[in-house]
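Let me begin by presenting the structure, written as structure tokens, before commenting on it.
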Amino acid sequence: MGLTKRYNPHTIEPQLQSMWRDSMTYYFNQKQSEETYIIDTPPPTVSGHLHLGHVYSYSHADFFARFWRMNGRNVLYPMGFDDNGLPTERLVERRLKMSARDMGRSEFIKQCQKVSVEAEIEYETLWKRLALSVDWRFTYRTIDDDVRRISQLSFIDLFKKNLIYRKRAPTIWCPECRTAISQADVSDMSRESEFVTLSFELDGHSFPIATTRPELLPACVAVFVNPDDERYGDMIGRMLRVPLFGQQVKIIADPAADPEVGTGAVMCCTFGDTMDVAWWRTYDLNLIEAISSDGTMTDSAGEFAGMDITTARRSIKEKLIGAGLLDHKISIEQNVRVHERCDTPVEYIVTSQWFVRILENKEKFLENGRQVDWYPAHMKNRYAQWVENLSWDWCISRQRYYGVTFPIWYCTECEEVMLALESELPVDPVESQPGRNCSCGNDSFTPDRDIMDTWATSSLTPQLVGRWLQKSGFDGQIFEPISIRTQAHEIIRTWAFYTIVKSQYHFNSLPWKTAAISGWALSPSGSGKISKSKGGGPLPPMEMIERYSADAVRYWAASTSLGKDAIISQERVQAGAKLVNKLWNVSRFAQRFIAEYQPGKKIPELSPADRWILSGLQEVIEQATENFRTFDYATVKSMLEIFFWNELADNYLEMAKQRLYEGENPGFDGARFALFQALLNIIKLFAPFLPHVTEQIYQGLFSRGEHFKSIHLSPWPEKEPVLIDPSAQEFGQVLTQIATAVRRYKSDNGLSLGFELNALQLATPDTDFRDLLGQAQRDIASITRVKSINIDTKTYPNLTELETIGSLHINLVGE
RNA sequence: GGGCGCUUAGCUCAGUUGGUUAGAGCGCUUCGUUUACACCGAAGAGGGCGGGGGUUCGAGUCCCUCAGCGCCCACCA
């Protein structure tokens with residue numbers, strides 16, 4: 001099969017994708033005994049729209065998959081979909097403009113499933129079009145039965161190991177989503193806020209206290225001052241009267257109260273922030289719940305009961321002003337903690353939730369983090385810092401609907417937990433009953449109606465991928481660390497951390513040996529000029545692929561190294577498209593000489609140019625391989641590009657052309673051999689990045705000789721030590737410089753590069769140098785288009801001097 | 001407040017363990033249809049590597065320091 005004149009990615013790419021699918025190119029071989037390479041790639045969560053950030057980091061995983069596959073590993077590269085949980089729920093609520101509560105549990109779940117399926121199709125279509133070399137037979141969905149079974153089993157295992165507990169306690173709460181959330185679900189948001197100073201009352205006198213949250217006055221249970229604050233020294237232990245609400249609260253001294261802030265006295269409410277929670281615990285204070293789980297004020301707020309938080313704050317302030325109890329207010333920039341899924345400020349309210357014990361094992365998790373190889377290495381710090389700063393156990397229960405249910409019921413008599421049996425999993429406790437008696441003899445139970453945090457399930461992806469407990473999968477079960485986790489940096493604190501937790505608790509092992517952390521793709525809009533000059537933001541991934549090709553988009557994704565954020569750049573994608581085209585054209589040029597050719601065992605006689613390019617090739621093979629092993633795909637890509645374009649295409653081919661065109665001549669075999677080797681190896685090295693064009697070239701020129709059905713199943717290049725020749729590489733530089741000197745002459749004189757010059761004189765007193773130049777006569781003549789080359793010991797008068805390189809003088813004869 | 005990363009041509013980025021005149025792509029200038037390619041080729045212009053100090057025969061490359069940007073974490077009455 002020959003190469004067509006033009007390479008059209010829009011038709012070829014889908015054709016190749018079908019071919020790979022039909023010939024099961026990316027299948028993991030379950031029977032094969034070769035070393036496996038198992039990839040734990042993020043199951044994307046339903047987000048509503050796909051962007052190039054997805055393409056960016058998933059491409060990186062695919063580079064590794066393809067590299068290791070060509071290196072003989074039996075690669076298992078599955079895809080998953082994290083369809084359960086709040087992201088899907090939020091999306092459904094947004095789309096239908098209706099809350100889950102209003103829709104009803106079963107209808108809502110139905111809608112979530114529908115949206116999940118649609119989103120998954122969209123993802124799968126994109127992944128396939130991008131040519132991720134996924135084995136789609138192993139796809140998992142976090143809402144599927146077998147995944148729910150594993151997730152519930154995980155719960156039961158943790159329960160039996162006493163690593164999980166249920167407790168009624170202050171919990172981080174999202175009033176918008178009306179569920180408990182975990183520390184990891186919280187992020188910061190900066191906003192304008194009003195810091196007001198209120199008059200508390202001490203023995204008939206005003207006692208000013210500043211706060212941003214006057215609506216919490218009904219929940220005020222104490223006031224704290226710093227023990228060293230002279231203003232308050234004699235007031236400690238006395239009682240204050242809370243404005244408007246009238247309850248009496250004690251003044252307590254605690255070093256955490258900062259004399260510099262506000263009036264130095266701070267009210268403690270149950271609960272305004274984590275400090276309040278800590279004080280409440282330490283001093284065993286009263287509990288007054290001012291805010292209910294739906295984000296409205298409770299009866300404790302008296303006339304303000306039922307108002308939402310913002311309205312209550314405003315109303316209470318107005319009332320305070322009216323009563324002359326609000327001294328003054330100032331505007332401040334305040335950082336508030338918000339639920340990252342909806343940006344709603346979180347509250348701390350007392351509820352019963354399930355927690356996984358993580359605080360007591362921080363040290364172990366830090367140790368495990370140190371044992372993982374992080375790429376880039378500094379991502380390890382990010383993990384460590386998160387673990388060190390953890391201050392809550394992992395709350396895994398959510399008062400939501402679409403997710404994995406807890407496999408438990410509570411006895412209506414003694415409230416003891418009844419676990420489902422492993423054989424019953426997956427189970428929805430709302431839909432069934434234990435069918436056996438509680439240890440107290442009672443046979444009536446209430447189900448746990450919550451669902452699990454989505455991370456409680458996705459933290460098991462190494463086990464899902466490893467087919468934990470599935471007899472239908474591999475022989476045996478894979479619990480040992482799998483090869484690699486690829487993910488972006490923002491979910492180190494969630495996905496990476498929780499995965500380490502689960503593997504530790506279930507198997508006392510690491511989940512994976514290596515974590516490769518990608519950065520983000522950033523929109524160019526923030527950086528000014530680019531978006532202005534090109535108009536508008538980045539294209540959606542599918543449009544980008546359609547406009548330029550999947551290979552071109554992948555090229556962009558390979559252009560910024562692991563861990564770094566990449567600006568989305570159409571220019572960069574375009575450069576990828578040009579590279580694809582160049583690869584095609586070089587191959588079309590080569591086709592004429594190597595289509596029927598198969599190099600023999602014996603290396604033919606090589607010209608200096610042949611030796612130069614072949615030695616350079618060995619160096620590229622070696623360095624590309626080394627860099628790929630340390631996940632530095634970006635260096636590999638750029639090194640290949642320079643070698644291919646600047647050295648092979650721009651210079652070597654010009655040096656070899658004469659010998660190639662002439663056919664049977666003493667230099668022909670060498671040129672053909674070098675061209676064959678260089679091109680075959682280059683397309684193999686490019687294959688992980690540009691799977692389509694390299695495959696098409698391989699099918700056209702090389703597969704017949706190599707006997708592999710796909711370049712992606714062919715072996716990765718290995719360097720040939722006999723072809724390594726440092727002096728040839730040095731001399732290659734000289735050849736290039738001679739070419740440049742002549743090209744400059746033509747350029748300066750407005751001559752075409754094809755213009756035939758009569759004679760070139762190369763003069764040097766160095767005998768060995770002259771000998772080499774003699775061997776390279778045809779190489780030089782070919783690239784310079786000079787009819788004759790005179791090699792002399794010294795220059796003569798009346799020559800046009802073009803360049804001097806060391807002892808070598810390059811002169812033009814008689815023009 | 002703590003941590004991490006970044007700061008190299010107009011733009012987007014490479015610059016290995018410190019070593020000759022700092023690189024690429026895009027953009028720009030001039031020129032050019034050579035039996036692969038105008039999605040091309042050639043020749044150029046353009047930066048002295050954020051500021052300052054130091055180590056060294058020699059530093060984008062190591063050390064100190066300052067500044068700006070970004071991210072993470074903490075605080076956030």
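Within every chain, numbering begins at 1; the chains are lettered A, B, ... in the order of the sequence lines, protein sequences first and strands thereafter.
With a 6.0 Å cutoff to the six-membered ring centre and a 45° limit on the axis angle, A/K578 does not count as a cation-pi contact of A/Y555.
A distance of about 15 Å separates the P atoms of B/G1 and B/C76, rounded to the whole Å. Nucleotides B/C69 and B/G58 place their P atoms 35 Å apart, quoted to the nearest Å. With both ends at atom P, the span from B/U7 to B/C13 equals 10 Å, rounded to whole Å. Comparing B/G3 with B/C66, their P atoms are spaced 12 Å from each other, to the whole Å.
Out of B/A77, B/A14, B/C71, the shortest distance to the side chain of A/R382 is found at B/C71.
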Practice problem: Would you give a per-nucleotide map of nucleotides 28-37 of chain B, 5' to 3', where B means the base has a protein non-hydrogen atom under 4.0 Å away, S means only the sugar-phosphate does, and - means neither? | Solution: ---SS-BBBB

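Contact annotation for A/F224: no contact, since no heavy-atom pair falls under 4.0 Å across all strands. Nucleic acid contact for A/D276: none, since no nucleic acid atom lies under 4.0 Å from a heavy atom of the residue. The residue A/W556 sits apart from the nucleic acid: no heavy atom pair falls under 4.0 Å. Contact annotation for A/N335: base contact, defined as any heavy-atom pair under 4.0 Å involving a base atom. Within 4.0 Å (heavy atoms only), A/S193 reaches no atom of the nucleic acid at all. At a threshold of 4.0 angstrom between heavy atoms, the contacts of A/R213 with the nucleic acid are absent. A/Q658 comes within 4.0 angstrom of nothing in the nucleic acid, heavy atoms only. Counting non-hydrogen atoms under 4.0 angstrom, A/A256 reaches a base of the nucleic acid.
Anti is the conformation of B/G47, whose glycosidic angle sits further than 90° from 0.
Residue side chain A/Q385 reaches the base of B/G2 through a donor-acceptor N/O pair under 3.5 Å, judged by distance alone.
When each of A/N389, A/T494, A/L390 is tested with A/Q183 by the rule side-chain contact (heavy atoms from CB on, under 4.5 Å), just one qualifies, namely A/L390. Under the side-chain contact (heavy atoms from CB on, under 4.5 Å) test applied with A/P208, the options A/L198, A/L325, A/T263 reduce to a single match, A/T263.
For A/I517 and B/C4, the CD1 to C1' distance is 14 Å, given to the nearest whole Å.
Within the shown strands, B/U7 is the pairing partner of B/A67 under the Watson-Crick or G-U definition, both distances less than 3.5 Å.
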Quiz item: Is there a ring pair (Phe, Tyr, Trp, His ring centres under 6.0 Å) between A/F689 and A/Y633 once you walk through the steps?
Solution: CA-CA 9 Å; A/F689 303 110; A/Y633 55 80; 7.0 Å; no

Exercise. Check the pair A/F631 / A/Y375 against ring pair (Phe, Tyr, Trp, His ring centres under 6.0 Å), numbers first and verdict last.
Key: CA-CA 7 Å; A/F631 307 96; A/Y375 290 93; 4.5 Å; yes

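The aromatic rings of A/W374 and A/Y383 are tilted relative to each other, their planes meeting at an angle between 30° and 60°.
Within residues 214-223 of chain A, no residue approaches RNA chain B, by heavy-atom distance under 4.0 Å.
Residues A/N651 and A/G272 each lie close to RNA chain B; by heavy-atom proximity, the contact nearer the 5' end of the strand is made by A/N651.
Counting all heavy atoms, side chain and backbone alike, A/D276 lies closest to A/D273 at N-OD1, 2.9 Å.
Residues A/Q696 and A/W584 bring no donor and acceptor atom of their side chains to less than 3.5 Å of each other. Between the side chains of A/D185 and A/S182, a donor-acceptor pair is found at a separation under 3.5 Å.
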